[in-house]
A.B. asks: 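Below: one structure in structure tokens.
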Amino acid sequence: VEPISLGLALAGVLTGYISYPRLYCLFAECCSQKRSLSREALQKDLDSKLFGQHLAKKVILNAVSGFISNPKPKKPLTLSLHGWTGTGKNFVSKIIAENIYEGGLNSDYVHLFVATLHFPHISNITLYKDQLQSWIRGNVSACARSIFIFDEMDKMHAGLIDAIKPYLDYYDNLDGVSYQKAIFIFLSNAGAERITDVALDFWRNGKQREEIKLRDMEPALSVSAFNNKNSGFWHSSLIDRNLIDYFVPFLPLEYKHLKMCIRVEMRARGYEVDEDIVSRVAEEMTFFPKEERVFSDKGCKTVFTKLDYYYDD
Ligand SMILES: Nc1ncnc2c1ncn2[C@@H]1O[C@H](COP(=O)(O)OP(=O)(O)OP(=O)(O)O)[C@@H](O)[C@H]1O
């Protein structure tokens with residue numbers, strides 16, 4: 001038998017055995033890829049990368065791994081992440097996306113919306129509603145396990161929030177499309193003050209922040225906390241319709257957490273960790289309240305640019 005026909009025969013067998021999609025998915029990201037989420041890998045990521053957020057870690061790990069391992073969820077997973085700026089809300093969304101899809105936030109199946117960027121003009125609300133609804137419907141039709149991240153929810157028009165409400169509800173399908181395997185993550189500063197009050201109360205009473213339990217945060221994340229007329233959540237029936245599965249509080253970060261962020265950034269840039277520089281950068285940050293100066297005004301944001309000053313190579 002000459003080599004060419006043998007080669008063709010082998011190719012025929014191979015493609016017959018490994019169907020094209022599975023072969024393609026060995027080299028490219030696929031919606032249907034069977035690489036199901038590993039609870040251990042997600043836990044390792046959260047434990048090693050996320051600082052100062054023991055409550056968020058616990059909720060996110062159980063909620064996401066539980067949802068992904070459920071073959072027939074009754075509704076999409078809806079997480080609402082609340083907290084001070086720079087405390088890791090976007091960062092956690094990135095970790096979740098990276099544990100579900102190789103491409104992470106760049107995956108074709110992960111969609112990030114920033115309210116002030118994507119929906120800036122209130123006069124266009126009707127257009128935004130139509131665009132957003134067809135975008136969600138189209139992407140979930142293409143991939144049931146689509147992930148939608150909405151940042152700055154507190155700046156999103158309540159009418160627009162309500163436009164996505166049907167997709168979050170307990171429907172088997174809407175116009176033939178099932179949203180039950182999708183994941184919606186809402187990020188917001190709403191409730192940040194109340195969360196901080198609880199954290200400060202623990203600190204003033206000499207308690208460890210790790211002693212804070214989720215139930216200590218419930219008043220901060222109750223419906224009343226969102227009856228702030230400036231919050232996008234206000235008027236939105238997302239909350240009173242119980243469409244949010246988990247409210248996830250992000251605690252304000254302390255000096256020691258900033259130092260952790262700075263060390264990570266030093267290593268990421270290939271530098272040796274210089275504790276003198278770590279301390280100096282952290283000390284350049286501003287803290288609140290005025291008297292005790294416990295929590296960073298900007299969380300871990302801006303520490304990275306401050307590092308540039310010390311390494312002007
Ligand atoms: N808790 C944290 N642990 C580790 N790194 C963090 C944490 N919080 C913030 N960072 C670092 O700071 C960067 C900015 O944080 P991130 O964008 O997650 O803040 P945010 O809470 O979403 O803020 P905002 O409400 O202003 O959008 C992250 O990419 C990460 O590098």
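All ligand and atom numbering here is 1-based and tracks the order in the structure. The structure presented is a predicted model; accordingly, all values stated were derived computationally and were not measured.
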A.B. asks: Please check: side-chain N/O of Asn205 versus main-chain N/O of Phe202, any donor-acceptor pairing under 3.5 Å?
C.D. replies: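 Not a single qualifying donor-acceptor pair exists.
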A.B. asks: Give a yes/no on ligand 1: does His257 have at least one heavy atom closer than 4.0 angstrom to it?
C.D. replies: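 No heavy atom of His257 comes that close to ligand 1.
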A.B. asks: For ligand 1, find out whether one of its N or O atoms is nearer than 3.5 Å to an N or O atom of Cys261.
C.D. replies: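 No; every N/O pair is 3.5 Å or more apart.
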A.B. asks: Does anything in residues 245-298 pair up under disulfide (SG to SG under 2.5 Å), and if so which pairs, sequence neighbours excluded?
C.D. replies: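 Found Cys261-Cys300.
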A.B. asks: How is the hydrophobic cluster of Ile122 composed, in terms of its other members, when Ile, Leu, Val, Met, Phe, Trp and Tyr link through side-chain heavy atoms under 4.5 Å apart, directly or indirectly?
C.D. replies: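 When side chains under 4.5 Å apart are linked, Ile122 ends up in no cluster with other residues.
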A.B. asks: May I ask whether Leu187 places a heavy atom under 4.0 Å from ligand 1?
C.D. replies: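 It does not; every heavy atom stays at 4.0 Å or beyond.
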A.B. asks: Knowing that exactly one of Phe150, Tyr179, Phe184, Trp135 qualifies, which makes a ring pair (Phe, Tyr, Trp, His ring centres under 6.0 Å) with Tyr167?
C.D. replies: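 Going through the options one by one, the only one that passes is Tyr179.
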A.B. asks: Which protein heavy atom lies closest to atom 11 (C) of ligand 1, and at what distance to 0.1 Å?
C.D. replies: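 Answer for atom 11 (C) of ligand 1: Cys300 CB, 3.7 Å.
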A.B. asks: Which atoms form the tightest heavy-atom contact between Ala282 and Tyr255, and what is the distance?
C.D. replies: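 Residues Ala282 and Tyr255, closest heavy atoms: CB-CE1, 3.5 Å.
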A.B. asks: Are Tyr246 and Ile68 connected into the same hydrophobic cluster when the rule is that any two of I, L, V, M, F, W, Y join if their side-chain heavy atoms are below 4.5 Å apart?
C.D. replies: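 In one cluster with Ile68: Tyr246, yes.
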A.B. asks: Phe304: heavy atom below 4.0 Å from ligand 1, yes or no?
C.D. replies: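 Yes; Phe304 lies near enough to ligand 1 that a heavy-atom distance drops under 4.0 Å.
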A.B. asks: Donor-acceptor pair, distance only, cut-off 3.5 Å: does the side chain of Trp84 make one with the backbone of Asp297?
C.D. replies: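 Yes; at least one donor-acceptor contact below 3.5 Å.
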A.B. asks: Can you list the atoms of ligand 1 that are under 4.0 Å from a heavy atom of Asn189?
C.D. replies: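 Per the distance check, 25 (O).
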A.B. asks: Relative to the heavy atoms of Leu50, which atoms of ligand 1 are at a distance of less than 4.0 Å?
C.D. replies: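 Ligand 1 atoms under the 4.0 Å threshold to Leu50: 1 (N), 2 (C), 3 (N).
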A.B. asks: Do any nitrogen or oxygen atoms of Phe51 lie less than 3.5 angstrom from nitrogen or oxygen atoms of ligand 1?
C.D. replies: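 Yes - when backbone and side-chain N and O of Phe51 are compared with those of ligand 1, one distance drops under 3.5 Å.
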A.B. asks: Honestly curious: do Met260 and Trp203 fall in one hydrophobic cluster under the side-chain, below-4.5 Å linking rule?
C.D. replies: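 The answer is no; the residues belong to distinct hydrophobic clusters.
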A.B. asks: Can you pull out the closest protein heavy atom to atom 25 (O) of ligand 1? Residue, atom name and distance to 0.1 Å, please.
C.D. replies: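 In this structure, atom 25 (O) of ligand 1 has Lys89 NZ, 2.8 Å as its nearest protein heavy atom.
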A.B. asks: Would you call Asp308 and Arg269 a salt bridge, using N to O less than 4.0 angstrom?
C.D. replies: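 Arg269 and Asp308: salt-bridged.
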A.B. asks: Closest by any non-hydrogen atom to atom 22 (O) of ligand 1: pick that one out of Thr85, Asn90, Asp154.
C.D. replies: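 Residue with the shortest heavy-atom distance to the ligand atom: Asn90.
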A.B. asks: If you measure every N/O of Lys301 against every N/O of ligand 1, is any gap under 3.5 Å?
C.D. replies: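 N/O-N/O distance under 3.5 Å: yes.
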A.B. asks: Among all protein heavy atoms, pick the one closest to atom 19 (O) of ligand 1 and tell me residue, atom and distance.
C.D. replies: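 The closest one turns out to be Gly86 CA, 3.4 Å.
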A.B. asks: Under 3.5 Å between some N or O of ligand 1 and some N or O of Gly83?
C.D. replies: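 In this structure, Gly83 places no N or O atom under 3.5 Å from an N or O of ligand 1.
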A.B. asks: Note the single closest protein heavy atom to atom 4 (C) of ligand 1, along with its residue, its atom name and the distance in Å.
C.D. replies: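 Answer for atom 4 (C) of ligand 1: Lys49 O, 3.1 Å.
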A.B. asks: Starting from atom 29 (O) of ligand 1, which protein heavy atom do you reach first, and at what distance in Å?
C.D. replies: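 Sorting protein heavy atoms by distance from atom 29 (O) of ligand 1 puts Phe91 CD1, 3.9 Å first.
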A.B. asks: So does Glu254 pair up with Arg209, basic N to acidic O under 4.0 Å?
C.D. replies: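 Looking at Glu254 and Arg209, the cut-off is met.
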